[in-house]
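Order of listing sets the numbers, starting from 1, for every ligand and every atom in it.
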Amino acid sequence: MPYDSHAPRLATRLVKGGTSTVVDGGRAVNPPVVRASTALFETMADLNDARSRRSTERLFTYGARGNPTGFALEDVVSGLEGGYRTRLFPTGLAAIAMVFLAYLRPGDHVLISDCVYQPLRHFARTFLEPWGIDITYVRADGSDVASRMTPRTKLVYVECPGSLLYELCDLPALAELAHRHGALLAADNTWGSGVQYQPLMLGADISVMAATKYLSGHSDVMMGTVTTTEAAWQPLATMSDAQGVAVSADDAYLVLRGTRTLGARLALHEQHALDVAHWLTTQPAVARVFCPALPEHPGHALWQRDCTGTNGLISFELSQVSAEAADRFVDGLSLFGIGASWGGFESLATVVNVASARTCEDWRTAGPIVRLHVGLEDPRDLIEDLAHSLGAIERNG
Ligand SMILES: *Cc1c(COP(=O)(O)O)cnc(C)c1O
């Protein structure tokens, strides 16, 4: 009997029914979560046409190359970064790794700034070096980049402001230098989140963000983004497709939801962090406060020139206090969670080992350094909490 399209049997009805999201009435504010491996086409010709264009154009052809929910997030990130296009990665670290995989080949040389996100050094040691990439770490302020360039240098990779101490480099000057030597400039823009800082607008070719931090903003999802200029785009797209790296629509949705309040949250993180930073500068037990918005910060002039604000991150050095007392100070806080990440709505504190995180500068003689992520709690409560715990270590040494 031929198939009667007017009377499909139960199993067929179960498979074929309920697949449309087209409805009468209004439309949702938010884009749908499109969970998809397979994309369907009307004809073979349509499928073949999509396949012929997908390596250079953004088309939904298969889940491993992204999904419509992810594309919506890519558009938001491209807008924040002022870039051509964006790719999404399962973590910030995976995004960073892809930059090195896409733009370097065995025999190439790369300059990496001393203040980069620490796990990048582990990636460099365990993958890049055995793979035949030559690495030179350069000073966090970029002052020795010119003298470290070689004819084989293909990439200059910086983080600005830097992890832990927020060092700044002169990005437009580094871009000019890199381009003059035929190299690309990439920057980790997790600190600036595309709001406080925009590396591509300052001359970089590639900008990476851990969307895990402020873009998501709620400590409940991991993601990384890479945005480039049009000229730098193709190697990233090609290598990402070759490796089948994509993120789930659910994760993309969570980050997209976070981006809606990014500007409002950052403004509050900044305000609260500045309250805490100013209070810290008045404390005798605090030797130095690291926050680029403070006039005494070494990179303050560059911050004023290139950034539109600061965020919830501050670090400070304790004077005349042992490492154990610094641990006790953090343990004694009640409103600050003890954790390594940041960028969520909540306050965090951790003692950081700057000496082991830097190889171009010697931090071994500095006192213990505490990093705070100042969250959305009332800053008066946060300051009382800090004062209480600082008082306890001052009394007990
Ligand atoms: C957290 C972080 C990353 C890595 O992001 P993950 O999503 O945790 O892998 C990269 N760069 C900076 C500056 C970070 O703070």
*asked:* With a 4.5 Å cut-off on side-chain heavy atoms, are F336 and V330 touching?
replied: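 No - every pair of side-chain heavy atoms lies 4.5 Å or more apart.
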
*Will you find, in the side chains of N189 and Q198, an N or O donor that is under 3.5 Å from an N or O acceptor?*
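Not at all, the side chains of N189 and Q198 share no donor-acceptor pair under 3.5 Å.
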
*Among all residues two or more places apart in sequence or in another chain, which pass the side chain to side chain donor-acceptor pair (under 3.5 Å) test with S78?*
T86

*Those residues that, when tested against R305, pass side chain to side chain donor-acceptor pair (under 3.5 Å) (two or more places apart)*: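 Expected list: D170.
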
*asked:* So that I can tick it off, tell me whether D75 and R58 are bridged by a salt bridge, with the cut-off set at under 4.0 angstrom between side-chain N and carboxylate O.
replied: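 D75 and R58: salt-bridged.
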
Close N/O pairs between ligand 1 and protein, under 3.5 Å:
unit_1   : atom_1 : unit_2 : atom_2 : d
ligand 1 : 7 (O)  : G92    : N      : 2.8
ligand 1 : 7 (O)  : T212   : OG1    : 2.5
ligand 1 : 9 (O)  : G92    : N      : 3.1
ligand 1 : 9 (O)  : L93    : N      : 2.9
ligand 1 : 11 (N) : D188   : OD2    : 2.7
ligand 1 : 15 (O) : K213   : NZ     : 2.6
ligand 1 : 15 (O) : W342   : NE1    : 3.3

_Pairing residues for A246 by the side-chain contact (heavy atoms from CB on, under 4.5 Å) criterion, not counting sequence neighbours_ = none

